[in-house]
Protein chains: 2
Amino acid sequence: MSAPNRNSNKGRLFVYPNEKRMVTLRSIADRCGVDVSTVSKVIHGREIRVGEETRAKILAAAKELNYRPNALARSLRLRRSGAIVMAMRDTSGFVYPEIIDGAQDAAERHGTCLFLLKYSSGEKAGPSLISLVQEGRIDGILWDNMPYKSFSQELIDAQVPFICLNGYADVKGQCITLDDREGFERQANYLADLGHKRIGFIGVEPQSEISILCREAFLSTLKARGIDVPAKHIWHCHFEGDDAIRIVDSIDGADRPTAIASASLMAAKRLCDSLIRKGIRVPEDISIIGYHDGPDAQWNSPPLTTVKMPSRSQGALAVECLLEMVAGGKFHKREVADSSEIIERESCLRYP
Amino acid sequence: MSAPNRNSNKGRLFVYPNEKRMVTLRSIADRCGVDVSTVSKVIHGREIRVGEETRAKILAAAKELNYRPNALARSLRLRRSGAIVMAMRDTSGFVYPEIIDGAQDAAERHGTCLFLLKYSSGEKAGPSLISLVQEGRIDGILWDNMPYKSFSQELIDAQVPFICLNGYADVKGQCITLDDREGFERQANYLADLGHKRIGFIGVEPQSEISILCREAFLSTLKARGIDVPAKHIWHCHFEGDDAIRIVDSIDGADRPTAIASASLMAAKRLCDSLIRKGIRVPEDISIIGYHDGPDAQWNSPPLTTVKMPSRSQGALAVECLLEMVAGGKFHKREVADSSEIIERESCLRYP
DNA sequence: TTGAAAGCGCTAACAC
DNA sequence: GTGTTAGCGCTTTCAA
């Protein structure tokens, strides 16, 4: 009755390394007296053409034996690994954790495995990531940022499905980004709504494309509401160095701003620090609002009011777009549906 | 002359999804007029028994065709994926980035791929991670922490090779940890060497095993040098909440400490904040030293003096031990060779 | 020194 | 409804 057991080691050519007996489709097939293909259909196939009784028997056996399909064999056959990678240069000042959460969720929904990968900033980072795809380990890559300019062209040449989470680098449009314009408009409107008239702004880099866009969104929103930000109240703050201290030193005039918006959370925190050390109170003397929300914001003293961006949705959308490309589709640009919101904490006060 | 091309699609049963022509061993074999097995030997085998001429020809073809071995096929055959995972619960207040760097290096040296994986804290985190191994995607797991108590037993039962980076949870000894005792002794000695006599200590959790060990190492080192820390100068600070503020409120007596050591970087930073807000200067009035070093430490104002632990070596060693287990060996406990060091920045001053 | 053969575990087209 | 068959790309034994 039962099928011949081909597992039976009859003169096997050689002994496998790491010999631990696995539960395979064949184990189940043998136990149920059916063919592996039938088992395969039941376990994974969407085909319904299997008898109810057989199906039940197979499912029971699978459960009983604690069957785990071998992803490697499956992937080899299907020519798809079912795994994607989110590559990032830095794991401390991280990609906003919410992006990862969103991406994770989406991947899970699609039965895909999402790994994170830290790449070194050297020259070999790119090629070695591309190899991962070429070796079949990974189906596609999500980038927080390209390791170097013009790398996106290399990816395209190598036919590697990828999506960038930052559209301001040279990524040939394959990016899913946040609507920073909307975010900075909201930031500006928030301060204006609170009644502030003398407002300052801290950008990240003076010259970068993204930085300019954000600054302009902020300034033009204020302008439309009749508020001009003088050049001397527009600063830039790097993550390292003591820019924050210099900024504070420079604002101690009679016409100092009553509120300062920062384009980064880090800069907002450092500004807070420096202000307080100088004896200027936050928010009583100067209100501060950050951009992007994170655990750091609420641990700050005072807890920071920020513009929270829909990073979670961004991560999810990026994964979905990537998987479409993996499935053979072209990249199809879509906008993150959700919008920003203000998270009110304690660093902003109504003025006057 | 040339071998028959079995790639030639003669009546192929079905068309593969995502049909892109790959360069396989067969491509090379065909081009060189040899058998795949010969090519395999040249490309990966350690066997030298291949003619010099043939070898050269094959290598040239491989290079020319930009051959990438299919990791999936290889893994399937070898029953080893060549990838490991570092699983972590949180990606923002990260495992010390250096652990990852060290692990990455070691993995690379061993031709293994290291992925990071964020697991959710729910019940299903464990099983789904175990599945990754059972499905063959991953050979072993590095944990920053167990998702829940008694999980290590589940891993052992499932025969999953794993190593924990934190030995204070319930991990049945399969851990590669830092020598925190040595670290806290160094911290204590540093403050004593600076001449401080009234010293405070901030732990993380009052009751946890690790917390107690660290505190005792610190206190007994000071005691051996004739310095007693009164109970009222021993505090605990959580990452959330306003413990730091309460601490500051409680130390404003005439006998307040001249130096405070913290068992975490975060607590040190928050303490700094609170002290400064209260008008107590760091380091002029009170010196502060943190534990563990990270980018945050140098961005603090003032930049924090800390005890830097050999996290990099820890990561590397953990990977090496894990790979031994993957190769079938038993876990063999080894100590991280390097020791801690003091990173002097600006938050500590000689006393008086 | 090289090639033939078997098979890792799985899937899908096709025949029965 | 179920089994047969071929094959994903690779490695290793054994025979030539």
Side-chain angles (χ1 to χ4, degrees), chain A residues 3-4 6-7 9-29 32-55 57-58 67-82 134-136, chain B residues 3-4 6-7 9-29 32-55 57-58 67-82 134-136:
Chain A
R6 293 208 223 146
N7 239 0
N9 248 5
K10 35 127 194 168
R12 257 237 312 251
L13 283 179
F14 78 113
V15 176
Y16 285 91
N18 195 15
E19 183 91 28
K20 43 179 161 177
R21 280 267 151 261
M22 307 183 64
V23 179
T24 70
L25 286 185
R26 159 139 283 116
S27 326
I28 300 177
C32 297
V34 297
D35 187 80
V36 280
S37 64
T38 307
V39 182
S40 173
K41 277 175 207 151
V42 171
I43 301 281
H44 270 294
R46 51 215 65 196
E47 231 177 329
I48 335 272
R49 299 142 88 347
V50 175
E52 254 331 305
E53 203 179 332
T54 323
R55 165 185 307 271
K57 198 166 54 175
I58 288 171
Y67 170 72
R68 298 276 170 234
N70 183 311
L72 262 23
R74 189 149 203 273
S75 301
L76 177 61
R77 185 62 231 248
L78 260 25
R79 289 161 161 262
R80 188 156 310 158
S81 75
Q134 292 177 328
E135 291 169 1
Chain B
R6 293 208 223 146
N7 240 0
N9 246 3
K10 34 131 196 168
R12 258 237 312 252
L13 281 179
F14 78 112
V15 176
Y16 285 92
N18 196 14
E19 183 91 30
K20 43 179 162 178
R21 279 266 152 263
M22 308 184 62
V23 178
T24 70
L25 285 186
R26 160 139 282 113
S27 327
I28 299 176
C32 297
V34 298
D35 187 79
V36 280
S37 63
T38 307
V39 181
S40 173
K41 278 172 205 152
V42 171
I43 301 282
H44 264 120
R46 53 213 66 194
E47 231 177 329
I48 335 268
R49 300 140 97 335
V50 175
E52 252 333 303
E53 203 181 333
T54 321
R55 166 187 305 273
K57 199 164 55 173
I58 288 171
Y67 171 71
R68 299 275 169 235
N70 184 311
L72 263 24
R74 187 147 206 275
S75 302
L76 176 60
R77 185 63 231 249
L78 260 25
R79 290 160 161 261
R80 188 156 310 158
S81 75
Q134 292 177 328
E135 291 168 0

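Taking CZ of A:Arg26 as the start and CG of A:Asp35 as the end, the distance is 7.0 Å to the nearest 0.5 Å.
Proximity of A:Tyr67 to the phosphate of C:dG9: no side-chain N or O atom is located under 4.0 Å from OP1 or OP2. Residue A:Arg26 places no side-chain N or O under 4.0 Å from the OP1 or OP2 atom of C:dG9. For A:Ser40, a side-chain nitrogen or oxygen approaches OP1 or OP2 of C:dT11 to under 4.0 Å. For the OP1/OP2 pair of D:dG3 and a distance below 4.0 Å, the side-chain nitrogens and oxygens of A:Thr38 include at least one atom meeting the criterion. For the pair B:His44 and D:dT11, the criterion of a side-chain N or O lying under 4.0 Å from OP1 or OP2 is met.
Side-chain to base pairing of A:Lys41 with D:dG1: no donor and acceptor N or O lie closer than 3.5 Å to each other.
To the nearest angstrom, P of D:dG3 lies 14 Å from CZ of A:Arg49. B:Arg68 has its CZ atom 16 Å from the P atom of D:dG9, to the nearest Å. Distance, A:Asp35 CG to C:dT11 C1': 12 Å, rounded to whole Å. The distance from atom CD1 of A:Ile28 to atom C1' of C:dG9 is 12 Å, rounded to the nearest whole Å. The distance between atom CG of A:Leu25 and atom C1' of C:dC8, rounded to the nearest whole Å, is 13 Å. Atom-to-atom, CZ of B:Arg77 to P of C:dG7 comes out at 10 Å; the value is rounded to the nearest Å. Between A:Leu78 atom CG and C:dA13 atom C1' the separation is 14 Å, expressed in whole Å. Rounded to a whole Å, the CZ atom of B:Arg79 is 14 Å from the C1' atom of C:dC10.
When all heavy atoms of A:Arg74 and A:His44 are compared, the closest pair comes out as NH2-ND1, 3.3 Å. Here the closest heavy-atom approach between residue B:Leu72 and residue A:Ser75 is recorded as CD2-CB, 3.5 Å.
Of the candidate nucleotides D:dC10, C:dT11, C:dG3, C:dG3 has the atom nearest to the side chain of B:Val34.
Residues A:Leu76 and B:Asn70 are in side-chain contact: their nearest non-hydrogen atoms beyond the backbone lie under 4.5 Å apart. Using a 4.5 Å heavy-atom threshold, the side chains of A:Tyr67 and A:Ile43 count as touching.
Within 4.0 Å of B:Thr54, counting heavy atoms only, lie sugar-phosphate atoms of the nucleic acid but no base atom.
Comparing B:Ser37 and B:Ala73 against DNA chain D, the residue whose closest nucleotide sits nearer the 5' end is B:Ala73.
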